[in-house]
Amino acid sequence: MIVPLALWLAVAVDGEPSGPATTAAATSSASRSSDPQDFKVGAFVGADWRVLGLSGHLSHGPGFQIGLSLWRHVSFGLAGFARPGPINPVTFRVPVPDGGTYRGKSTVSLRSDGGVVGAFVAPYFDLRRAPLSIEIPVLVAYGGFGFYLHGEDRKVPDDRRVSEWENELLDGRDSDPVNLVIDAGIRLAWTPPAQRHIRPYLGVHYTWVPGFDTAVRGNYDGFSGVLGVKFGRWAR
């Protein structure tokens with residue numbers, strides 16, 4: 001779905017009209033190519049914040065990008081995002097498996113956290129009649145999401161580490177730490193001529209974590225919204 005959309009946008013955004021307008025466009029292009037500021041490789045860094053709809057509940061967390069842009073239409077590099085447990089108040093009440101108990105209770109209180117880092121590629125297309133750019137980032141990453149004891153339940157009844165109790169109580173299925181994660185989205189960036197080195201953006205993403213399975217959730221997939229800004233220079 002991403003590739004056909006990218007091809008359609010390439011034609012819709014950059015297709016040249018016929019007739020006199022073609023000559024004018026060619027003249028404008030020649031003028032740009034003679035500009036000593038003209039370049040075909042750019043570099044940027046970016047930071048954003050996501051509202052995550054993963055695993056059937058809302059949460060939020062930071063993200064980042066660092067990369068290069070080439071040929072005026074594609075960028076690539078490293079990116080990632082996280083779902084920090086301490087800033088997300090959602091608490092999961094989970095029965096202790098096999099009818100067991102913990103601190104005299106049949107359920108435990110858990111919170112969730114995790115994050116991913118990987119490589120991304122993002123076709124992008126600057127609109128001709130508005131200071132906007134459409135970007136279609138696809139991230140292939142590794143990372144993990146899991147669940148941990150929270151509140152009073154972190155006060156374990158012996159001298160073992162909390163993580164050992166988490167593994168024992170949930171039969172070793174408190175987290176799924178090494179996962180392939182695929183995250184694809186579409187973003188709209190503001191690209192005013194007066195601010196060539198700054199690109200605020202917003203977008204929608206879908207995250208897929210194939211094979212995810214824990215005692216609390218059987219998947220960690222879902223849609224997310226993102227708001228951020230990139231700083232740098234873009235190939236043009």
Side-chain angles (χ1 to χ4, degrees), residues 45-66 78-120 137-185 203-228:
V45 296
D48 55 52
W49 203 264
R50 290 196 180 201
V51 177
L52 303 162
L54 306 181
S55 192
H57 68 279
L58 287 177
S59 57
H60 58 101
F64 79 94
Q65 282 187 351
I66 180 169
L78 295 176
F81 63 91
R83 183 210 184 280
I87 66 173
N88 285 283
V90 176
T91 301
F92 304 84
R93 296 297 303 181
V94 179
V96 178
D98 303 322
T101 62
Y102 174 69
R103 293 170 53 92
K105 299 179 297 182
S106 60
T107 63
V108 290
S109 178
L110 304 171
R111 283 193 175 179
S112 179
D113 65 3
V116 301
V117 175
F120 78 91
V138 178
L139 170 68
V140 179
Y142 273 92
F145 298 94
F147 301 85
Y148 61 91
L149 290 170
H150 170 65
E152 291 295 317
D153 285 343
R154 290 194 69 80
K155 298 177 182 179
V156 297
D158 56 27
D159 59 357
R160 287 190 294 168
R161 292 181 299 178
V162 177
S163 60
E164 293 181 46
W165 273 100
E166 291 166 350
N167 289 333
E168 180 178 316
L169 290 170
L170 299 177
D171 294 333
R173 298 174 61 221
D174 56 307
S175 65
D176 203 345
V178 183
N179 283 105
L180 170 68
V181 178
I182 300 173
D183 181 84
V204 177
H205 286 246
Y206 186 79
T207 303
W208 180 39
V209 189
F212 183 87
D213 185 29
T214 67
V216 185
R217 286 289 192 273
N219 73 75
Y220 222 92
D221 306 341
F223 284 96
S224 302
V226 63
L227 177 66

State, yes or no, whether a side-chain contact exists between [X] and [Y] at a heavy-atom distance under 4.5 Å.
| X | Y | answer |
| --- | --- | --- |
| Ser112 | Arg83 | yes |
| Leu149 | Leu110 | yes |
| Leu52 | Ser224 | yes |
| Phe64 | Val117 | yes |
| Pro89 | Arg111 | yes |
| Val108 | Val96 | yes |
| Trp49 | Leu227 | no |
| Tyr148 | Val162 | no |

Exercise. Under the 3.5 angstrom rule, does the side chain of His60 hit a backbone N or O of Ile87 as a donor-acceptor pair?
Worked result: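 At least one qualifying donor-acceptor pair exists.
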For this session: Keeping the roles fixed (side chain from Arg217, backbone from Gly56), state whether a donor-acceptor pair exists under 3.5 Å.
Result: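 Side chain of Arg217 to backbone of Gly56: no pair is present.
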For this session: Sorted by first residue and then second, give each ring pair (Phe, Tyr, Trp, His ring centres under 6.0 Å) pair with at least one member in residues 157-177; sequence neighbours left out.
Result: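 Applying ring pair (Phe, Tyr, Trp, His ring centres under 6.0 Å) to every pair that reaches into residues 157-177, excluding sequence neighbours, yields Tyr102-Trp165.
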For this session: Show your working on side-chain contact (heavy atoms from CB on, under 4.5 Å) between Val116 and Asp183 and close with a plain yes or no.
Result: CA-CA 10 Å; Val116 301; Asp183 181 84; over 6 Å; no
Distance, nearest 0.5 Å, that separates [atom1] of [X] from [atom2] of [Y]:
| X | Y | atom1 | atom2 | value |
| --- | --- | --- | --- | --- |
| Asn88 | His57 | CG | NE2 | 7.0 Å |
| Leu180 | Trp208 | CG | CH2 | 7.5 Å |
| Glu168 | Arg160 | CD | CZ | 4.5 Å |
| Phe147 | Thr214 | CZ | OG1 | 4.5 Å |
| Arg103 | Leu169 | CZ | CG | 11.0 Å |

Problem set entry | Ring centroid separation Phe81 to His205 under 6.0 Å |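 Not close enough - the centres of the two rings lie 6.0 Å or further apart.
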For this session: Taking the six-membered ring for Trp and the single ring otherwise, decide whether the centroids of Phe145 and Phe212 are under 6.0 Å apart.
Result: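 Centroid distance Phe145-Phe212: not below 6.0 Å, so no.
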For this session: Determine the minimum heavy-atom distance between Val90 and Leu58, stating which atoms define it.
Result: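 The answer is CG2-O, 3.8 Å.
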Exercise. Which pair of heavy atoms, one from Ser175 and one from Gly146, lies closest together, and at what distance?
Worked result: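 In terms of heavy atoms, the two residues are closest at CB-CA, 3.5 Å.
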Exercise. Hey, mind stepping through Asn219 and Val209 against side-chain contact (heavy atoms from CB on, under 4.5 Å) and telling me if it holds?
Worked result: CA-CA 7 Å; Asn219 73 75; Val209 189; over 6 Å; no
